[in-house]
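In the text below, chain A, chain B and the rest are named by the order of the sequence lines, each starting its count at 1.
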Amino acid sequence: MTREDLAETLEEIALLLELKGENPFKIRAYRTGAETVRQYSGDIVSRAKEGDLKGIKGIGDALQQKLHELASTGKLEYYEKLKSDFPDSLFELFKIQGLGPKKVKAVYESLGVDSIAKLKEACESGKLAELSGFGKKTAEKILEAIEFREQNADRFRLGDVEVPVRQILDSLKGHPDCLRVEAAGSYRRAKETVHDIDFLVATGNPEDVIESFVSEPWVDKVIAKGATKASIYLDNGLQCDLRAVKNEEFACALAYFTGSKEHNVVMRGRANERGYTLNEYRLALKDGSKAEEPPVFETEQQLYEFLELDFVPPELRENTGEVEAAESGDLPRLIELENLRGTFHNHTVASDGQNTLREMADAAIDLGLQYLGIADHSKSSFQANGLDEKRLREQIQEIADLNAEFAENGDKFRIFAGNEVDILKDGTLDFDDDLLEELDYVVASVHNAMTLSEADMTERIIKAVSHPSVTMLGHLTGRLLLRREPYAVDVPAIIEACAETETVIELNCNPWRLDMDWRWWKYAVEKGVKCSINPDAHKTEHLDFLAVGARVARKGWLTRGDVINTMALGEMENFLGVKAIS
DNA sequence: GCCGTTTTCGGCCCGACTGTTTTCAGTCG
């Protein structure tokens, strides 16, 4: 029984109570309880086991008793009983955008709908639209949401696969017969979402390596297993494929399995022109070719060189001009994680973050950063406990005090006082100008009214970035990967406005967002717009998103010079126009 | 179901949007 098990059970109870139509405040109490369990700084599982939960705010008598029962026996009667009232499959309905507890309850009770498949049927047959409170448009919206889910259900966010990929790579590297190991495919190209992970190993003993690959404890199901390849599912549904090749084939195989398909087509074309064929194992002479016998490539670099190209970093291999640039020697020197000196757009407990200012600062220092920008939510973001004027001014003071302390201790580290200020529906900002000027920097973001027309949304954002106090634009399109489509907005027009107003655009590297999309950065750079790689961290661990951010920035062809948070502290103080702390 | 210098009941975070409705319920952030 882990902390997460306890929290999840409380959350499921909340969901079940919603289905029952229970008192919303009771439901909220269970949700709050789940959050409290997650965030409690101490061994909450042991305390629950021992029945020693008194005095934790948010966990009253009833929850104490339930957590104790759950932690000590592994079961909770109250929960089991609630659960038995509904089929398990009903829960998948909650994953459909626009369906909440009331609607789920209605379709279940009056139409017997208890799965997404049946829901789809009810929409198509017109039965759903006849229900009271439902209508034609609701049915259409639900069908759209089902389709969106069907298209995305088998995909995973790049930032969410990092841990399993590391785990599998480490395990393969630990195998005595593995000479070389890489994760290839769209993961290596840093696509924002991936369908599966392609692992490649060089080995003289493929059978053993494959056997060990399919026998790891994290394997949920073996889909296929042969002499040189195997496919498995992990517990979370992520498919992982392993290909085993000989050491002398590894370079060509790595290039082949990294792709993209389009990039490979161009590469094969170049080989062809020179009298060779290129496949997943090797470069070979074409029939009747008079070219010289090709060498065996030790590395991808050598393959590219042989085809008269500079080495193309994997992130760029999408056939969007990288081959031409590699031919003419014009590939940019891409940014690297190590270039980052600080970051902006991070939350604390003051709004909806989970760590304090000091904890966030300490985590940034541990990462070797020289500065950390805090940007909690502004007052209109009620749901995120946004700061009002008074609380924001208090935070500015708190930051000043902490900075003074860092300076006294001789630490070369600074917190920049900012705010993620809501862009209101009409494009004005959530605080008045005086307060905005007191901040070291401002991130302006859209959090509501996301269904404006493209023209209105574009005008709204352009108005916001035109405000002199706005330093950077947060998550430009508002997309949530695999969850919510971006809102309608004219991205190039926004980029042009940011160029004009010298507003930085954020590369929000929270795995859910990766927004602005990598496809637009080349255009932004062309227009002279700078990027800031921001994790949108809601707890200290989220600062690690910077690693994903650096990879996605590379995918957008960004160099060190294009990204402001590669600046050292002194340069950044100049850039923001704030005085250094003596 | 939780909380309390308001102390054992009464309030609990607020507003926008959408679609179904004739004044509001449900969902989302």
Side-chain angles (χ1 to χ4, degrees), chain A residues 9-37 53-68 76 78-79 82 93-109 123 128-145 148 347 350-353 376-388 391 420 422-426 430 445-453 456-457 460 474-475 478-480 483-488 510 512-513 536 538:
Chain A
T9 306
L10 294 184
E11 244 164 34
E12 278 195 39
I13 291 175
L15 207 56
L16 288 159
L17 292 174
E18 275 187 318
L19 277 175
K20 295 214 139 201
E22 263 280 5
N23 174 0
F25 297 109
K26 182 169 168 176
I27 294 162
R28 187 193 295 166
Y30 277 94
R31 293 239 155 83
T32 310
E35 254 336 276
T36 307
V37 167
L53 290 168
K54 272 226 172 335
I56 301 176
K57 194 167 179 291
I59 300 185
D61 291 340
L63 262 64
Q64 282 177 39
Q65 181 269 319
K66 290 190 172 78
L67 286 171
H68 173 58
L76 178 58
Y78 176 72
Y79 167 68
L82 271 176
L93 296 183
F94 285 94
K95 292 176 180 156
I96 303 296
Q97 183 99 23
L99 272 194
K102 301 283 168 57
K103 291 216 160 99
V104 168
K105 189 171 186 232
V107 295
Y108 174 59
E109 286 180 350
C123 289
L128 185 127
E130 289 167 14
L131 286 185
S132 152
F134 291 71
K136 222 175 125 201
K137 285 212 169 164
T138 309
E140 276 168 24
K141 286 229 153 186
I142 290 176
L143 278 176
E144 266 172 44
F148 180 75
H347 298 267
S351 65
D352 59 349
D376 272 313
H377 286 283
S378 63
K379 61 176 190 274
S380 285
S381 280
F382 306 104
Q383 80 287 348
N385 190 25
L387 280 66
D388 60 16
R391 291 176 62 217
E420 185 183 17
D422 270 16
I423 301 175
L424 304 180
K425 194 175 173 183
D426 63 357
D430 203 13
S445 308
V446 166
H447 287 115
N448 63 0
M450 299 190 189
T451 53
L452 295 186
S453 70
D456 288 347
M457 183 62 91
R460 171 190 188 182
H475 45 71
R479 74 176 179 189
L480 294 177
R483 167 72 68 82
R484 182 177 73 201
E485 294 285 2
Y487 41 69
N510 190 295
W512 284 84
R513 297 189 181 270
D536 202 349
H538 285 70

- Query: If you check every side-chain atom of A:Lys102, which of B:dG1, B:dG26, B:dC17 has the closest atom?
  - Reply: B:dG26
- Task: Could you check how far CD1 of A:Ile56 sits from C1' of B:dC3, rounded to whole Å?
- Result: 15 Å
- Task: Find the partner of B:dT8: check Watson-Crick (N1-N3 plus N6-O4 or O6-N4) and G-U wobble (N1-O2, O6-N3) distances, both under 3.5 Å, and reply none if neither fits.
- Result: none
- Query: If you look at every strand shown and take non-hydrogen atoms under 4.0 Å, does A:Asn385 touch a base, only sugar-phosphate, or nothing?
  - Reply: nothing
- Message: The side chain of A:Lys26 is closest to which nucleotide in this list: B:dG29, B:dA16, B:dG1?
- Response: B:dG1
- Task: Compare side-chain N and O positions of A:Lys141 against OP1 and OP2 of B:dT27 and report whether any pair is under 4.0 Å apart.
- Result: no
- Note on the structure: Atom CG of A:Leu131 and atom P of B:dT20 are separated, to the nearest Å, by 12 Å
- Answer yes or no: does a side-chain N or O of A:Arg31 lie under 4.0 Å from OP1 or OP2 of B:dG1? no
- Query: How many Å lie between CE on A:Met450 and P on B:dG15, as a whole number?
  - Reply: 18 Å
- Within a radius of less than 6.0 Å around CZ of A:Arg483, do more than 12 heavy atoms belonging to other residues, nucleotides or ligands occur? no
- Item | A:Thr138 side chain near B:dT20 phosphate (N/O to OP1/OP2, under 4.0 Å) | yes
- Message: Looking at every non-hydrogen atom in both residues, tell me the closest pair between A:Ala449 and A:Leu452 and how far apart they are.
- Response: O-CG, 3.5 Å
- Task: Between B:dC13 and B:dC2, how far apart are the P atoms? Round to whole Å, please.
- Result: 15 Å
- Message: If I pick the P atom on B:dT18 and the same atom on B:dC12, what distance separates them, to the nearest angstrom?
- Response: 28 Å
- Task: Report yes or no: is the ring centroid of A:Phe382 under 5.5 Å from the six-membered base ring centroid of B:dC14, with the two planes under 30 degrees?
- Result: no
- Item | Over all atoms of both residues, closest heavy-atom pair of A:Asp388 and A:Lys379 | CA-CB, 3.9 Å
- Message: When the C1' atoms of B:dC14 and B:dT21 are compared, how many Å lie between them, rounded to an integer?
- Response: 23 Å
- Message: From NZ of A:Lys105 over to P of B:dG26, roughly how many Å is that when rounded to an integer?
- Response: 10 Å
- With a non-hydrogen cut-off below 4.0 angstrom, is A:Pro101 in contact with a base, only sugar-phosphate, or nothing? sugar-phosphate
- For A:Arg483, which contact category applies under a 4.0 Å heavy-atom criterion: base, sugar-phosphate, or nothing? nothing
- Message: Measuring from the side chain of A:Lys103 (C-beta onward, heavy atoms only), which nucleotide among B:dC2, B:dT27, B:dC17 has the closest atom?
- Response: B:dT27
- When you measure from the side chain of A:Arg28, which nucleotide among B:dA16, B:dG29, B:dC12 comes out closest? B:dC12
- In whole Å, what separates the C1' atom of B:dT8 from that of B:dG1? 14 Å
- Message: Tell me whether the side-chain N/O atoms of A:Thr451 come closer than 4.0 Å to OP1 or OP2 in B:dT18.
- Response: yes
- Could you tell me whether A:Lys66 sits above the aromatic face of A:Tyr79, with NZ or CZ closer than 6.0 angstrom to the six-membered ring centre and within 45 degrees of the axis? no
- Message: Please find the pair of heavy atoms, one from A:Asp422 and one from A:His447, that lie closest to each other, and give the distance.
- Response: OD1-ND1, 2.7 Å
- Item | Closest non-hydrogen atom pair, A:Ala34 against A:Leu10 | N-CD1, 3.7 Å
- Message: Heavy atoms only, 4.0 Å cut-off, all strands: where does A:Lys66 land among base, sugar-phosphate and nothing?
- Response: sugar-phosphate
- Could you tell me the separation between the CG atom of A:Leu99 and the P atom of B:dT20, rounded to a whole number of Å? 13 Å
- Assign each of A:Phe25 and A:Ala62 the nucleotide of DNA chain B bearing its closest heavy atom; nearer the 5' end lies the nucleotide of A:Ala62
- Check the distance between B:dC13's P and A:Lys379's NZ and give it to me in whole angstrom. 20 Å
- Query: Under a 4.5 Å cut-off applied to non-hydrogen side-chain atoms, are A:Leu82 and A:Lys20 in contact?
  - Reply: yes
- Could you check how far CG of A:Leu387 sits from P of B:dC13, rounded to whole Å? 17 Å
- Item | Nearest-nucleotide pick for A:Lys137, side chain only, options being B:dT20, B:dC12, B:dC3 | B:dT20
- Task: Answer with base, sugar-phosphate or nothing: what part of the nucleic acid does A:Gly58 contact at a heavy-atom distance below 4.0 Å?
- Result: sugar-phosphate
- Task: Provide the distance between the two C1' atoms, one in B:dG10 and one in B:dG19, to the nearest whole Å.
- Result: 34 Å
- Query: Roughly, in whole Å, what's the span from CG in A:Asp352 to C1' in B:dC28?
  - Reply: 15 Å
- Nearest-Å distance once atom P is located in both B:dG11 and B:dT22: 29 Å
- Taking atom types as they are modelled, is there a donor-acceptor pair under 3.5 Å from the base of B:dG15 to the side chain of A:Asn448? no
- With a non-hydrogen cut-off below 4.0 angstrom, is A:Ile27 in contact with a base, only sugar-phosphate, or nothing? nothing
